[in-house]
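Every chain is numbered from 1, with letters handed out A, B, ... down the list of sequences.
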Amino acid sequence: MTVEQDCVALDQFPVGMRVLAVDDDQTCLRILESLLHRCQYHVTTTNQAQKALELLRENKNKFDLVISDVDMPDMDGFKLLELVGLEMDLPVIMLSAHSDPKYVMKGVTHGACDYLLKPVRIEELKNIWQHVVRSRFDKNRGSNNGDKKDGSGNNEGVANSDPNNGRANRKRKDQYNEDEDEERDDNDDPSSQKKPRVVWTVELHKKFVAAVNQLGFEKAMPKKILDLMNVEKLTRENVASHLQKFRLYLKRISGNQQAIMANSDLHFLQMSNGLDGFHHRPIPVGSGQFHGGAAAAGMRPFSPNGILGRLNTPSGIGGVRNNLSSPSSGMFLQNPTDLGKFHHVSSLPLNHIDGGNILQGLPMPLEFDQLQTNNNKSIIAGNSMAFPSFPTQQSSLPNNNNHLVLEGHPQASPSAFPGHQINKRLEHWSNAVSSSSSTLPPAQNSNSIIIGHQFDVSPLPHSKPDSLEWNTQNASSSYSIPFFYYDSSQMRQSGNYGPTTDAMLSSNPKEGFIVGQQKLQSGFMGAEAGSLDDIVNSTMKQEQSQGDLSEGDLGYGGFSSLRTCL
Amino acid sequence: MNTVVVAQLQRQFQEYLVSLYQQGFLDNQFTELRKLQDEGTPDFVAEVVSLFFDDCSKLINSMSRSLGRPESVDFKQVDSGVHQLKGSSSSVGARRVKNVCISFKECCDVQNREGCLRCLQQVDYEYKMLKTKLEDLFNLEQQILQAGGTIPQININ
């Protein structure tokens, strides 16, 4: 990281500030890149939100600021914004051609530190570095109990330029500070304010939630939570900021839907966790997708649009790791009725599809078979390697948020599993997905699955960059997208939809899934049969040959084309 | 280098460029784009507008498909296409194209298929017209460079 201590005057900053620019519109992206270069920032661009998330997750310290468009096909910019805020805690600037105040408001509530209108002018970009400084400054202030290091003039200047912001931050921090006067274990030395980022794994988050529940949601204070969690090297600040995010998150989702938020913590975790674990094999995201679809089918009662959107993202990303439950997959399941949402998810597989062999390589745990017997149509992870030890904490989530009904999934499938089973199922499901083994048991209908109970410690594989190669291959990319897409819509209705769906729903999940996938793939390629498909394909080919931003384009092109087909 | 020729070409270039602004093809944003071009990125403007025209073509095609069948028009898709087109046209300074997008959006909002089709046609016409104009402009630029001259930076008010 180049830009470090905000308290210390940085010689070059803002020169060389590392910006990640995300916009599906290649024209705008190119212009933005050039403008940012003009401001002497270091720029990385991508036209896919998914790719952006991967880049960010790959190395949390690689970027200082993210600028993202709002309307993107593969993922809603606001979702990306939330995820980045939760997982990486980086300042995000929204960009849009929409000047409608409600969009601006949405940006603000989702945590954007600024909202710019297109066409962007260079004057506006010249000052965006202030957001980076401000965010660091605020963080330092928060962790700096009493010794506010007002440090260099830079900080003073920045802080003063936005007094309200600073004050608000201070208030929040003070709230947290109250509790820990007796313990100043945090670095009083401002120069060491920069702490290594804590990764909120599922386990850790479970502990956190358990502690919060134990203390009572309203009364939970960071210090006490920290004590209860009893985790080494976790600081009060880590807990405080996580708690803050958690609260915001809950507030937001409670406002969004009536859906049971049992999975909220998982969902939340997924979002905030950043699927750090997902840096392993390129697990086909498709599997996640699949699950998503399957789950969706079962998750009828759920209609958490907000959640789904959110879930989609993380799930897609984190969804496919071998042996790991992919909470994300749960996410897909979330909103069966919201087809539209799935398209977000569909983008996920883009990154992960590994030649279409999504489920391959994932071990299929025995438990999965048990799951299969469930009537639920929830996604069949099948490969649950290990049952996540879902803590009861989930169910004990306080009810101040009505959605926080973890355990109580109406559809909790009977079988041997306790309330958490759903989670486990989800996990397995994700595992299964990643293992590719084919065993795709019929989707189980547990709502909980949707909620991403899959939270499990098992790290979800992070699709490595090279796993993204598929993007450049038309077949695979399009494959993944349609696959998912069919999935979600069809799973819901259990009709005979695409090959995939059928496969998925078939009693022989294993075969079905794989076959389905294959079919889908060929089906897609073979779309040339239909006239509409011809157009789509030829358009896509044109698009591909146009070459620019191949990854993104292909994925996008494929996706949009596919959608049209549907 | 034939300075007379260069001067002549430069004047031609200037006049042509100014006329494009006056006729409303281009606006200030295009000026900003030209400013971003420098020795390090001599083809920046050409590159960006080329991307833009690609986008236009793609978007128009997809919107055309969406508007294809009267009984099942996906206005949402059309709206999204218009939105994107508006964003990119405003970013490159393609004023006329952008203006059509504004009307286009209105038709879309009220789900007026006929209106949308008209706007679509107009957008198609405008972007192609602009493309031709800019090609001519770039040609002039090339001629200037080949004659050994430099491309004038023109301030449009």
Note to self: Hydrogens and angles aside, do B:Asp55 and A:Gln26 bring a side-chain donor and acceptor to less than 3.5 Å of each other?
What the structure shows: yes
Checklist line | Under 4.5 Å from any heavy atom of chain B - which part of A:Leu117 | finding: neither
Check: Between A:Ile31 and B:Ser91, what is the shortest heavy-atom contact and its length?
Finding: CD1-O, 3.3 Å
Note to self: Return the OG to CD distance between A:Ser34 and B:Gln37, rounded to the nearest 0.5 Å.
What the structure shows: 9.0 Å
Margin query: How long is the straight-line distance from NZ of A:Lys118 back to CD of B:Gln29, given to the nearest 0.5 Å?
Written below: 11.5 Å
Next item on the list: Compare every heavy atom of A:Arg38 with every heavy atom of B:Asp38, then report the nearest pair and how far apart it is.
Entry: OD2-NH2, 3.3 Å
Check: Where does A:His37 contact chain B at under 4.5 Å (heavy atoms): side chain, backbone, both or neither?
Finding: neither
Check: For B:Glu71, does the CD atom have more than 12 heavy-atom neighbours from other residues, nucleotides or ligands under 6.0 Å away?
Finding: yes
Next item on the list: For residues A:Cys28 and B:Ser88, report the shortest heavy-atom separation together with the two atoms involved.
Entry: SG-CA, 3.7 Å
Notebook entry, point to check: Above 12 or not: heavy atoms from other molecules or residues under 6.0 Å from NE2 of A:His42?
Noted result: no
Checklist line | B:Gln23, CD atom: more than 12 neighbouring heavy atoms under 6.0 Å | finding: yes
Notebook entry, point to check: Just how far is it from atom NZ of B:Lys86 to atom CG of A:Asp25, taken to the nearest 0.5 Å?
Noted result: 13.0 Å
Checklist line | Minimum heavy-atom distance between B:Gly87 and A:Ala97, given as atom pair plus value | finding: CA-CB, 4.0 Å
Check: Most heavy-atom pairs under 4.5 angstrom with chain A, which of B:Lys76, B:Glu32, B:His83?
Finding: B:His83
Item checked: From B:Leu36 atom CG to A:Ile122 atom CD1, the distance as rounded to the nearest 0.5 Å -> 5.5 Å
Next item on the list: Could you tell me the separation between the NZ atom of B:Lys35 and the CG atom of A:Leu35, rounded to the nearest 0.5 Å?
Entry: 11.0 Å
Next item on the list: Might you confirm whether atom OH of B:Tyr125 has over 12 heavy atoms from other residues, nucleotides or ligands at distances under 6.0 Å?
Entry: no
